[in-house]
Amino acid sequence: MSARKFTQIRFNHYDPEIMQDPYAVFAEVRSKCPLGHSDELGGFFFPTTYEGVKRAFSDFRTFTSTDGTGLPRQPLPLLPVDLDPPVHTAWRRTLNRFFTVEAAEADRERIQQVADTLIDAFIERGYADAVNELTRPFLAMSMLPVIGVPLEDRVELGNKLLWLVHNRVVDPEGGMKVYNEIGVYLTELAAKRRLAEQRDDLLQCLITQDFGGQKLDDGQVYQVLLLTLFGALDSTSSAMSGSLLHLARHPEDKARLVKGEVEWPVALDEFIRFTTPIQALRRMATKEVEIDGGTLYPGDQLLALNGAANRDPAKFPEPEKCILGRDATDHMSFGSGAHVCIGRHFARLMLGTCLKTMLARAYDFTVEDGFQPEYTPSEARAIKSLPIRFTPGNRVHAV
Ligand code: HEM
């Protein structure tokens, strides 16, 4: 065995204090041996350069997902993210159809209505909590119809999923209870659908289509639905609230967007890089490998830190700044390789619709001077609450 080189540091993405500014830890590690190691959560390594993180996401032969992608391990596998190619490839092929650019585009009008309905509820008031009244419900109302979950269940289900994301590690017993409740709910939903009229949504696909030549059992249907719901109901909200906060503090960027001085697709990628809603996904080394100046051995746990890649100054100069004209298309917020986020086209559409509609209807929205956002810990880092004020406006839909 060659001698091990890495930077030992305390890092834990469940630590609320560290997750207020995880980037300070990544910068410190990057300035030494850029392969970090923490003893927390059972011990894990983490590359901090863009290239190192990208490799961890892309090279599935060396960094497998089949040991699980959550740290600590989720109590049951999430599908298809906990699979490697070629098994994963067949699953992904079947699922892709619901999440293409075209599928997202076909929902543009519906998603615009979601934005207008939510903004209508607070536009006459002149103030709102943008997280709880706009960005979080926005996702559920936009994505649940695509998945096939009834909209009337969105608040209860959304709260349970959010609770799991942020509390499953600190309260594993409570976590199991909530997993079971969601499991019962989703399994019953699938059972009801088997007897009901066919629809064109993800749930229907999961109960009728072949995945790699086989039908899914109830457990697998649940595992795909759970992953998709985690992806759909949380991460884009963080990109929205972080971007709204940036715009509230940078009126000059609002003006540039509205005047068309920055192209929206370019700005959206920079917002998604800058906010990095998903921070950490696990892989396991399958062989001895050099990465970021250190060596991993088979069985080593590796945490691929999307935020470390996105804040590597060798890739993105002045990475701590949100620079709306920069080309950030290569950002690592959606991961890379086989598992690159399947929901990214919807995420861009929802984020763009949310921001454009806010600029059109509440242009002067602002946050109080000195507002300090509090971020949720866990693999999903998001602003907990974003109080905004603006000149009251009119509803677009009648009450
Ligand atoms: C800004 C918003 C989003 C971010 C930052 C994000 C981030 C990510 C990342 C980093 C991965 C890779 C996981 C890995 O390599 O282990 C991923 C995969 C995934 N995401 Fe997203 N996501 C977002 C929005 C969405 C949405 C709206 C959906 C809706 C369905 C979604 C569903 C999924 C699913 C199902 C996977 C697994 C794909 C696979 O394993 O092939 N995500 N996402």
Side-chain angles (χ1 to χ4, degrees), residues 53-60 63-71 74 77-85 87-100 103-104 107 111 135 138-149 161 165 201-203 205-206 211 223-243 268-269 271-284 302-307 309-310 331-355 379-382:
V53 177
K54 184 171 178 169
R55 179 155 177 226
F57 274 120
S58 315
D59 179 0
F60 65 87
F63 304 104
T64 182
S65 297
T66 55
D67 192 52
T69 45
L71 182 73
Q74 296 271 1
L78 293 178
L79 296 172
V81 78
D82 290 0
L83 301 171
D84 284 342
V87 181
H88 170 265
T89 320
W91 281 59
R92 179 89 183 211
R93 211 174 286 134
T94 310
L95 294 173
N96 262 341
R97 165 169 96 76
F98 294 95
F99 301 103
T100 56
D107 269 346
I111 288 172
T135 69
F138 196 116
L139 299 197
M141 288 166 70
S142 302
M143 293 311 297
L144 291 186
V146 178
I147 298 171
V149 172
L161 287 160
V165 173
D201 55 25
L202 180 71
L203 175 57
C205 162
L206 296 177
F211 285 75
Q223 285 159 283
V224 181
L225 284 176
L226 188 61
L227 170 69
T228 315
L229 287 166
F230 275 139
L233 299 196
D234 198 33
S235 36
T236 317
S237 164
S238 164
M240 288 174 180
S241 52
S243 310
L268 291 179
D269 272 322
F271 279 132
I272 295 167
R273 177 199 72 83
F274 179 70
T275 53
T276 312
I278 298 294
Q279 289 278 334
L281 290 152
R282 186 167 69 92
R283 299 292 193 259
M284 191 183 75
L302 175 142
L303 205 56
L305 295 167
N306 311 60
N310 283 341
H331 66 71
M332 206 45 63
S333 292
F334 291 132
S336 182
H339 295 280
V340 67
C341 177
I342 201 169
R344 64 196 185 286
H345 305 302
F346 270 101
R348 284 200 184 93
L349 175 63
M350 290 189 286
L351 176 61
T353 307
C354 172
L355 300 181
E379 54 269 85
R381 180 172 181 264

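Numbering of ligands and ligand atoms starts at 1, following listing order.
Between the side chains of R283 and T64, no donor N or O sits under 3.5 Å from an acceptor N or O.
Contact annotation for H339 and ligand 1: heavy atoms of both the backbone and the side chain come within less than 4.0 Å of the ligand. Only the side chain of L281 comes within 4.0 Å of ligand 1, judged by heavy-atom distances. The backbone and the side chain of F334 each have at least one atom closer than 4.0 Å to an atom of ligand 1 (non-hydrogen atoms only). At a heavy-atom distance under 4.0 Å, only side-chain atoms of H88, from C-beta outward, approach ligand 1.
Applying the 4.0 Å criterion to heavy atoms of S235 picks out, from ligand 1, the atoms 2 (C), 3 (C), 4 (C), 22 (N), 23 (C), 24 (C). When each atom of ligand 1 is checked for a heavy atom of S333 under 4.0 Å away, the hits are 5 (C), 7 (C), 10 (C). Those atoms of ligand 1 with a heavy atom of L227 less than 4.0 angstrom away are 35 (C), 37 (C). For ligand 1, the atoms sitting less than 4.0 Å from at least one non-hydrogen atom of F57 are 15 (O), numbered in the order shown with element in parentheses. Those atoms of ligand 1 that come under 4.0 Å of a heavy atom in V81, given as number and element, are 13 (C), 14 (C), 16 (O), 40 (O). Less than 4.0 angstrom separates some heavy atom of N306 from each of these atoms of ligand 1: 10 (C). When each atom of ligand 1 is checked for a heavy atom of T228 under 4.0 Å away, the hits are 30 (C).
For P80, the closest heavy-atom approach to ligand 1 falls below 4.0 Å. Residue contact annotation: W91 has no non-hydrogen atom under 4.0 Å from ligand 1. Residue contact check for ligand 1: M332 places no non-hydrogen atom closer than 4.0 Å to it.
Ranking the protein heavy atoms by distance from atom 21 (Fe) of ligand 1 puts C341 SG, 2.3 Å first. In this structure, the protein non-hydrogen atom closest to atom 33 (C) of ligand 1 is I342 CG2, 3.7 Å.
Selection from A239, P85, G231, S336 by nearest heavy atom to atom 26 (C) of ligand 1 gives G231. Of the candidates Q279, R92, H331, R283, it is R283 that places a heavy atom closest to atom 15 (O) of ligand 1. For atom 28 (C) of ligand 1, the nearest non-hydrogen atom from the set G68, A304, A380, G343 comes from G343. One option in L202, V146, T236, L233 has a heavy atom closer to atom 27 (C) of ligand 1 than any other, and that option is T236.
Below 30°, between 30° and 60°, or above 60°: for F99 and F346 the angle between ring planes is above 60°, a perpendicular geometry.
An N or O contact shorter than 3.5 Å is missing between T69 and ligand 1 by distance.
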